[in-house]
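Please read the structure below before turning to the comments.
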Amino acid sequence: MESQVQCGIMQQPSHHHIPLVLVALNLAENRLGSAQPDDLTFLNSLVNCTHLKFLIIDRNNFGGVLPNSIANLTNKFEQLFLGKNPIYGSLIPASLGYCKSLNSLALGNDRLSGGIPKQVLELGSLSRGLSLSDNLLTGSLPVEIGNLKNLEVLYLHNNKLSGEIPSTIGEEILVGANARLRPCQVSISVERKVEKLQCY
């Protein structure tokens, strides 16, 4: 047993030595973080974890802005849950659009501001869910939202979005989906394709 500990088999990974075989990191529903600007710098140490698929750190106290390195995690990245943290700044790095395997993105109940990057909405892999609700997002919905043709759940409520809902949102997204856009202060002024929109 002693020799195993010495050669690192039983050592807990630190921020500077995380095993490269890491597939899932779930730290949800704790009291981690101190609502400080550098809380998320530990994400930089995950860039060499080329097998990482799931990063779940929601319901904590992580502050600061999302580092650009989050887009370099892995091309196998599937789920990112960061909701219910005091994360602030512009929504997310536009470079997250390079994560071509991402199927779930949850950033609800943070303190994010600015517009929704069109690069994220161009991720055709987003199929299970996109949650950006309960933030401070502004601007209009990019027409690229119509690219999410396989999306099952879309939460945008309780923001400060304005303007028209793009006709590109289409029936393909809304039929059978839980598309919540209200209260978003979004003016519904497009025609046929949005008639099936269910607001709650």
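Below, all heavy atoms of this structure are taken into account, side chains as well, without hydrogens, waters or symmetry copies.
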### Task
For Leu27 and Ile56, run side chain to side chain contact (heavy atoms under 4.5 Å, CB included): C-alpha distance rounded to whole Å, both residues' side-chain angles, the deciding distance at 0.1 Å, then the answer.
CA-CA 6 Å; Leu27 302 174; Ile56 305 171; over 6 Å; no
Locate the shortest heavy-atom distance separating [X] from [Y]; write the atom from each residue and the value.
X      : Y      : value
Ser125 : Leu102 : OG-O, 2.5 Å
Leu107 : Leu66  : CD2-CD1, 4.3 Å
Arg128 : Glu152 : O-CB, 4.0 Å
Asn159 : Leu132 : ND2-O, 3.0 Å
Leu40  : Ile57  : CD2-CD1, 4.1 Å
Gly89  : Val65  : CA-CG1, 4.1 Å

Looking at [atom1] of [X] and [atom2] of [Y], how far apart are the two atoms once the value is rounded to the nearest 0.5 Å?
X      : Y      : atom1 : atom2 : value
Asn147 : Leu151 : CG    : CG    : 11.5 Å
Leu141 : Ser162 : CG    : OG    : 9.0 Å
Cys99  : Leu80  : SG    : CG    : 8.0 Å
Ser133 : Tyr155 : OG    : OH    : 8.5 Å
Asn60  : Lys84  : CG    : NZ    : 12.0 Å

### Query
How far apart are the C-alpha atoms of Leu112 and Leu136, what are their side-chain angles, what is the distance that settles it, and do they pass the side chain to side chain contact (heavy atoms under 4.5 Å, CB included) test?
CA-CA 6 Å; Leu112 300 170; Leu136 302 171; over 6 Å; no
#### Entry: Trace of the side chain to side chain contact (heavy atoms under 4.5 Å, CB included) decision for Phe77 with Ser101
CA-CA 6 Å; Phe77 205 35; Ser101 298; 5.8 Å; no
Cluster overlap [X] with [Y], hydrophobic side-chain contacts below 4.5 Å:
X      : Y      : result
Leu82  : Leu22  : yes
Leu130 : Ile145 : yes
Ile165 : Leu137 : yes
Leu105 : Leu161 : yes

### Task
May I ask you to decide if Ile87's main-chain N or O and Asn85's side chain share a donor-acceptor pair within less than 3.5 Å?
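No, the answer is negative, given that no donor and acceptor are paired below the 3.5 Å cut-off.
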Non-neighbouring partners of [X] that pass side chain to side chain contact (heavy atoms under 4.5 Å, CB included), sequence neighbours left out:
X      : answer
Val143 : Pro166, Thr168
Pro142 : Ile116, Lys118, Leu121, Glu144
Lys100 : Leu123

### Query
Who are the side chain to side chain donor-acceptor pair (under 3.5 Å) partners of Asp134, not counting sequence neighbours?
Asn158
### Task
Taking the side chain as every heavy atom from C-beta outward, state whether Gln79 and Lys53 have any atom pair closer than 4.5 Å.
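The answer is no; the side chains never approach within 4.5 Å.
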### Query
Is there side-chain contact between Pro37 and Tyr88, with at least one heavy-atom pair below 4.5 Å?
yes
### Message
Walk me through whether Leu32 and Asn61 qualify under side chain to side chain contact (heavy atoms under 4.5 Å, CB included).
### Response
CA-CA 6 Å; Leu32 299 172; Asn61 195 34; over 6 Å; no
#### Entry: Qualifying side chain to side chain donor-acceptor pair (under 3.5 Å) pairs with a residue from residues 33-44, counting only residues at least two apart or across chains
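Pairs touching residues 33-44 that pass the test: Ser34-Asp39, Asn44-Ser69.
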### Query
Applying the side chain to side chain contact (heavy atoms under 4.5 Å, CB included) test to Glu78, which of Leu52, Leu55, Asn103 qualifies?
Asn103
### Task
Please list all pairs passing the ring-ring contact (aromatic ring centres under 6.0 Å, His included) test where one or both residues lie in residues 54-76, with sequence neighbours left out.
Phe42-Phe62
